[in-house]
> 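Below: one structure in structure tokens.
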Amino acid sequence: MNTKLIFTIAKSLLVARWRQTLVAAIGVTFSIAMFITLLGFMTGLNDLLDGLILNRTPHIKLYNELKANPNQPIDISDKFKNHYNFIHSVKPSGTRAEIYNYGAIIDALKNDKRVFGVAPKLVAQVFYNVGAIDVTGVINGIDVEAENKLFYFQDYVTAGKFIDLKNTPNSIILGKGLADKMLANIGDVVQVTTPKGDRIQLKVVGYFQSGLQDFDKTQSYSSLTTAQKLLGKPSNYVTDIQIKLTDMTLAPLVGQEYAKVFNLDAEDIQTANSQFETGSAVRSIISYAVGITLLVVAGFGIYNILNMMIYEKMDSIAILKATGFSGKDVNIIFISIALTIGFFGGLAGLISGFSLSVVIDNVPFNTAALPTIKTYPINYNPKFYVIGIIFSLITTYFAGLFPARKASKIDPVVIIRGKIK
Amino acid sequence: MSIVLQAKGISKNFHDPITIQVLKDVSFEINRGEFVSVIGKSGCGKSTLLYILSTMDTDYEGDLFIDGVAMRNKKEGELALVRNEKIGFVFQFHYLLNEFSVLRNVMLPGLKLGKHTEQEVEHRAMEKLRVLGIDNEAHKMANQLSGGQKQRVAIARALINDPLIIMGDEPTGNLDKKNSQIVFDIFNELAHEFKQTLLIVTHDNEFAQSTDRIIEMEDGRIISM
Ligand SMILES: Nc1ncnc2c1ncn2[C@@H]1O[C@H](COP(=O)(O)OP(=O)(O)OP(=O)(O)O)[C@@H](O)[C@H]1O
Ligand SMILES: [Mg+2]
């Protein structure tokens, strides 16, 4: 059909009412800009907060839970087979925190295509000696390089070099809160006591700040070898195997599988941190709700302006129809007017939304809890921009639908008669 | 001689506020190249008839044939095409689109028809404007013209697709004597030199006398033709 002609007519009508058109378009621009900015900012925050936990949490953690043996002798006994057996105060016995056959498991995991990386860990309970007082805490013995690859360890080491942990024997990186409590500077030597009473001196090579202050007050890191030495254990002694998968969503399934195959306990990230996903979802919903509300308001603006335009252009519509334009043509003319407002308003909205995001992205945002963050976080996901422009087109389309229908139904005879009377 | 337009027993009722019959069993034919005028007292139904003949009003009894094709049961879009291709309409009030230039106003129905390229349509539009003596005003905006000039532009627009028939509803009703004369002269020229079929409603008996045939109406009926 003569699309070009229809568009020229639409354009002429638009230009004739450019002031009102501009106001309508600005409404769309404003809502799309807000939508983009809000989503970018909210998602940026989501990513940041998720990153706090998710970046540092293994997708699957394999470990030995200290628990009573589920196969108690009385259950095995033939004599009491048909009885309900109640056993009170069962104590775990002989369970080892240590992961048995650690080397073989690591090999098996490294050959699994679903696995992105594996990092072993040895969690050791210790007392940090601060003068006469002992502070309870934990030393995490880690494979420094694997830990860094999987959990961005160096991002959280705010002073000192993370790799020193590997290169300096008997070294430790203290949580910032803990270091403050112990008045320990980098280069200082601190003393820790193991649960068995052994005392060991460790050299401080750095601080880390995780963003979770409670965590930083009790935790510290050392190399795996140092931790093993601390506990007087051999070099195949680890308590946790941390796994990152290529596809995080598989974690619950793969976790169960590993628990069975390796006869260990498995904890997946979804179960461990379900509250974070809820928070993210709520924030996204808020952003979408605000954006859509603004768009609907803008849509009413467009609706009004089109109605006004149609009222003013009755004569023109009548003459178009009298000279051979069909109701459908008139309908398309007004729909394209609406969509043009939506498209250009939306496009301007994307641009201003992007600019606003860039501005926010450069606003300094320093907080002791988040050492790696210097400015407000913004997510520039192109998805938001696509959704934004689609939303603006859809809203303006619906805003134009009724006025356009009205215009297409205008009876030229009524208009022409009306003029004569 | 071929029949361009045929009305067969056309009747029309208005129901608001009470049912009144405005057209009563109107039948007539117009041949190709005929110049016909319609006269009658005010309120006798001339405009009503013209709106039906021009396919804009579809709410009537009886049958209408344009170029031998029945207009009944045609869809709105098909009727629009008939108007675009076969009918040129000139109103009492000039009804130009003020958003467009004079030239563009004339071109619009031609562009809509899409039989010729835009350049050809533009060329043809200039030609029509020249015939009507207003080619100088082609690039002005429509609302910058005088009433008489506007009406000539409207005639040029009616001519753009070389229509089967041109209909006019008191096309000089809003013009002064001098301009009315110019428009009448144009219709005469179109009829005699270009053999254009014309159906013009008028109150000007002098002008009516100069046409090939006069259809006289009274109270919704044709009383002579
Ligand atoms: N929409 C309508 N509803 C009811 N009655 C109508 C309507 N339109 C026209 N009429 C009536 O129909 C009759 C014919 O009107 P029409 O406009 O066809 O007259 P006309 O012959 O063109 O008159 P004029 O010479 O004044 O233009 C009139 O009595 C008018 O009042
Ligand atoms: Mg009339």
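Letters A, B, ... are given to chains in the order of the sequence lines, protein chains preceding strands, and every chain is numbered from 1. Small disclaimer: the values here were computed from a predicted structure and weren't measured.
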> Would you indicate whether B:Asn73, at its atom CG, is surrounded by more than 12 heavy atoms from other residues, nucleotides or ligands within a distance under 6.0 Å?
no

> Tell me whether A:Phe300 at atom CZ has more than 12 heavy atoms from other residues, nucleotides or ligands lying less than 6.0 Å away.
no

> Answer whether the closest heavy-atom distance between the side chains of B:Asn84 and A:Phe325 falls below 4.5 Å.
no

> Evaluate whether atom NZ of A:Lys11 has more than 12 neighbouring non-hydrogen atoms of other residues, nucleotides or ligands under 6.0 angstrom away.
no

> Return the CG to OG1 distance between A:Asp411 and B:Thr58, rounded to the nearest 0.5 Å.
8.0 Å

> Which atom names give the shortest non-hydrogen contact between A:Ser316 and B:Glu99, and what distance separates them?
OG-OE1, 3.8 Å

> Mind checking whether A:Thr8 and B:Arg104 have side chains closer than 4.5 Å, heavy atoms only?
yes

> Between the side chains of B:Arg83 and A:Ser326, does any donor sit under 3.5 Å from an acceptor?
no

> Surrounding CZ of B:Phe28 (heavy atoms of other residues, nucleotides or ligands, distance under 6.0 Å), is the total greater than 12?
yes

> Considering only heavy atoms from C-beta outward, does the side chain of B:Met56 approach that of A:Ile416 to under 4.5 Å?
yes

> Is B:Glu118 in contact with chain A via its backbone, its side chain, both, or neither, using a 4.5 Å heavy-atom distance?
side chain

> Do B:Leu108 and A:Thr323 come within less than 4.5 Å of each other through their side chains, counting heavy atoms only?
no

> For atom CZ of B:Arg130, decide whether the heavy atoms of other residues, nucleotides or ligands shown that lie under 6.0 angstrom number more than 12.
yes

> Under 4.5 Å heavy-atom distance to chain A, tell me which part of B:Thr55 shows up: side chain, backbone, both or neither.
neither

> Could you tell me whether the side chain of A:Leu5 reaches within less than 4.5 Å of the side chain of B:Met107, counting heavy atoms only?
no

> When rounded to the nearest 0.5 angstrom, what distance separates CZ in B:Phe91 from CG in A:Asp315?
10.5 Å

> Within a reach of under 6.0 Å around OH of A:Tyr380, are more than 12 heavy atoms found that belong to other residues, nucleotides or ligands?
yes

> Around atom OH of A:Tyr288, are there more than 12 heavy atoms from other residues, nucleotides or ligands closer than 6.0 Å?
yes

> Kindly compute the distance separating CZ (A:Arg417) from CG (B:Asp57), expressed to the nearest 0.5 Å.
8.0 Å

> Are any of the side-chain heavy atoms of A:Ile319 and B:Arg157 separated by less than 4.5 Å?
yes

> How long is the gap from CG on B:Leu97 to CG on A:Leu320, to the nearest 0.5 Å?
5.0 Å

> For residues A:Asp329 and B:Lys112, report the shortest heavy-atom separation together with the two atoms involved.
OD2-NZ, 2.7 Å

> Considering only NZ, NE, NH1 and NH2 on the basic side and carboxylate oxygens on the acidic side, decide whether B:Glu76 and A:Lys328 come within less than 4.0 Å.
no

> Answer yes or no: are there more than 12 heavy-atom neighbours, outside B:Phe65 itself, under 6.0 Å from its atom CZ?
yes

